[in-house]
Amino acid sequence: MRKITAFLFLNVLVSGATISAQQTAIYTNQLSEFDRATDLYNDKQYLAAQILFEKVQQNNKEQEVQADCAYYIANCAIRLNQSGADKLMEDFVANYPTSTKQNQAYIGVATFYFENGNYPQALEYFNKVDESALTYDELERYNFQKGYAFFTAKNKKEATAYFNKVANSKEYGSQAKYYLGFMAYEGDDYKEATKYFDQVSGEEKYKEKMSYFQADMNFKLGNFQKAIDLGKAAMAKSSAVEKSELNKIIGESYFNLKKYDEALPYLKEYNGKKGKWSNTDFYQLGYTYYQQKDYENAISQFNKIIDGKDFVAQNAYYHLGESYMKTDKKQQALNAFKIASEMDFDKKIQEDANLNYAKISYEIGNSYQSVPDALSSFLAKYPNSPSKNEIENLLINSYITSKNYKEALTLLEKNKNPENRLAYQKVTFYRGLELYTDGNYQEAQKMFAKSLKEQKDAKFSARATFWKAETEFTLDNFNEALLSFKQFEGMAEAKNTPEFKNVNYNIAYCYFKQKEYDQAGNYFQAQIDAVKDDKIRLNDSYLRLGDSRFVTSKYWPAMDAYNKAIELKSVDADYAAFQKAISYGFVSKNDKKIEDFNKFLSTFKTSQYRDDALFELGNTYVADNKTDLAIKTYDQLLSEFKNGSYSSKAVLRQGLIYYNANKDNEAIAKFKKVAADYPRTPEALEAVSTARLIYVDNGKVEEYATWVRTLDFVEVSDAELDNDTYEAAEKQYLQNNTKQAIATLSSYVANFPKGIHALKANFYLAQSYYADGLETNSIPNYEYVIAQSKSEFTEQSLARLCEIHLKKDDFTKAIPVLKRLETEADFPQNVTFAQANLMRAHYSQKDYPNSVIYADKVLANPKTDNKVKSDAQIIVARSAIKANDEAKARTAYANLLKIAKGELAAEALFYDAYFKNKDGKFAESNKVVQKIAKDYSGYKYFGAKGLVVMAKNYYGLKDSFQATAILESVIENFAEFTDVVEEAKTELNTIKSEESKTNSSIEK
């Protein structure tokens, strides 16, 4: 048994020895691969090493080998920047807490990140290191590297703590002191910075850097000359960024020493912080140019200062204003002084800026506030200013020159000093003219009366008297107007006024309107004799002279006047020719009358008086017993004017010709036509009456009765009652007893709605209502008249209905009536009235295409006055703007500019500036905006819109300051115009966004 045991034991030993030998070989082989992986790692062949370490880790289950492999695999992953490298290292620490390589892992990884410049990652691993496990050398390196990592992270407190640990280190001490000095420098602790820099000043590698810092520190300490010397010394060995900063240090040092010539080249070489300049940078370079009297370059720097709200900005804006004044750019100077005057950092600069702002406002106008207000504001703010007397004199003159009479008047009435009476006389006069131009005649009359009370300047007294008369005339107070014109005529200074040349013309019209035609004619003749160069008034004077003589039966003198008007070939030559032909009839020259009417018909084929001429010619043929020619002429009239006002009369006349020639059948046919086509007209009644005579003469009474019963406007049984009732009502109307006329005519219309006199009764009733101020009541009666066949009352009824609807702004009802008036009117004035109001009505309803159609008609009419033409041009222009038809808008506003006054002129000027801006004509556009500010400052809306265009112009001219200053002022001063303010805000944001790319002081 013992042998067996021994044998078995031996086998076990042998077997064990065999197994042990095999394991040793495998282990040795694995260790060899581990060593080879370590060599690869040390040779920085991290990927190959990582693969081999992973193989060893997979094959060797020894804890220590596993730990080492995990350590190296994680390290390789970090160095290869592999995804999940951090996780591998964290897993190593977690899985092998007893590994001796834990601290080595942290320090190694941290050092790797540090050496590769990844300081945040390095700091993360430095924080995991157990400092107590480090050797002295490792600890010194650890403290410096961790301090530097904190330094790059801007954690100066921690950086300082770690740098101080190695400040006396032989290897790291100099570097630590340099960084400690740099942090002190950045913290403006120049004493501490100097202490550290002095300790390393002997080392060449720090010398270059420190010379820059020392130059900057001396500059900040106010040692400007030393800063200059150090800066120049450091320049040659500095980087591009440092050179830029050194140029700033040297330039600003010279600037502070007031050596501007020497400062300039250095300040120009400064590139700004990250390519951006601050407001102070722009100010210093601008002020340097200013001191050298190089004002253009000074402007180019000052005007880059945007959003400045400090002493530097106020100083810059003030000197910008001075520079603009030196270069005669007064509008730009106004804006600069305005902004400087609104800052109170330097009270003296603020006062001087206010003074300059007020004086320039007087010179060129001011869109932000009235010139008188600007001057008054200065006096109120600086009552003891040495410039007080000068500004007070400018204030008085500004009331006239600024043309802002409305606000000037308000200020004057608050301050009624005796010395201001002359200014008050002038301002009230000019304000009266403004109100008159705008159609506010009642208020204008009050202004002229106020002006006349002062009597300080005889010439203005005379002019106020004239315009008082004009206003009275416009308000239909013709007798008062006549007295005032006569008073003006007798004033000594009247002959020296621009109005005097038209006084005879105006007096003549006063007499004409009061039907004193002899006197009217005499004054029209006086106007003709006195003024030959005013072709419009000359022509009109000949026409009215002719009318005056015609009405007073002085036909030959009338014809002489009409001949003069015809010779002038004016727009009313047809009227003169017609009146001349009529006049021949009154001097028993029917042959000449017929000759002139035939000549008229061949010459004036589109005249408004053509139907009148045909009717008169037909009548003249009848008078000369040329009945065939008369019939032919009436036929021509009916052919050309089928529904004209003479149609019923022409057919009736034809019937009467046949009746007088005993051509009963032809006569009856014509009379029946009148009754059928023109019922209820006076001609229809006459036709029925005359036809009755024919039927009775021919014994055909029954036939007459049968026919008459078909006519609804003839009630045979009630005819006598009808006539009696109407006659009583008409009597009240003709005697101007309006109240009684309304009562009696209303009764007739109610009792005889289809009566013989229904047409005339309805018209007279409507007229009575209208005269009594009951315009709404008159509408049904006027509508009755226009619903009947055309009569002598149709046109006037149409015109009255138009007036009533337009007063109520009831364009829906007005438009169809206006259209009828346009097509049916015989009087040119009514056609013009209809077209002008159709133009306005369509525009009010935003029907821009039709408004333009009628505006074009108005403009094509040579008889349209300038006020209506202005309205037409503005509607064409505004409609074109709405329709984005820029070409048409340009033309319309340009035409409007030639004739417009008041607010329309301001609008036309705005668009002139607007289109010039679009064309890139920025300087020309600005001149137009300045004209609005100077001549039309009372119209603030267009002044504000003009300022926005001006801002765009300045930005186009590369003047950012002016652009932003103007836009900010618009936003501040014109809150009531929300559309303008919104546009200004949009433009301002755009400019600031662009400028922020080069100016670090601008807030986006």
With sequence neighbours excluded, what pairs up with F922 under the ring-ring contact (aromatic ring centres under 6.0 Å, His included) test? none

Side-chain H-bond candidate by donor/acceptor type, E158 with Y162, under 3.5 Å: no

Non-hydrogen side-chain atoms of Y125 and F114 separated by less than 4.5 Å: no

Please examine the side chains of N335 and Y324, heavy atoms only from C-beta on, and report whether any two atoms are closer than 4.5 Å. no

Would N103 and D130 count as having a side-chain donor-acceptor pair, cut-off 3.5 Å? no

Can you confirm whether the side chains of K338 and Q369 place a donor and an acceptor under 3.5 Å from each other? no

Can you find a side-chain donor-acceptor pair between Q292 and Y260 that sits under 3.5 Å? no

Distance only, no hydrogens: is a donor on one side chain within 3.5 Å (strictly under) of an acceptor on the other, for K101 and Y71? no

Atom pair CZ/CG of F255 and L267 - distance to nearest 0.5 Å: 8.0 Å

Could you work out, with side-chain hydrogen bond (donor to acceptor under 3.5 Å, both in side chains) as the rule, every residue matching Y955, not counting sequence neighbours? E995

How are the rings of F378 and Y382 set relative to one another: parallel (under 30°), tilted (30 to 60°) or perpendicular (over 60°)? tilted

Measuring from atom CG of L967 to atom CD of Q962, what distance do you get when rounded to the nearest 0.5 angstrom? 11.0 Å

Do we see a donor-acceptor contact under 3.5 Å between the side chains of K146 and N127? yes

Can you find a pair of side-chain heavy atoms, one from Y289 and one from Q301, that are under 4.5 Å apart? yes

Check whether the side chains of E140 and Y136 place a donor and an acceptor atom closer than 3.5 Å, and report yes or no. yes

Tell me yes or no: between the side chains of D281 and S278, is some donor less than 3.5 Å from an acceptor? yes

Between CE on residue M183 and NZ on residue K157, distance to nearest 0.5 Å: 13.5 Å

For Y954, the ring-ring contact (aromatic ring centres under 6.0 Å, His included) test, sequence neighbours excluded, returns none

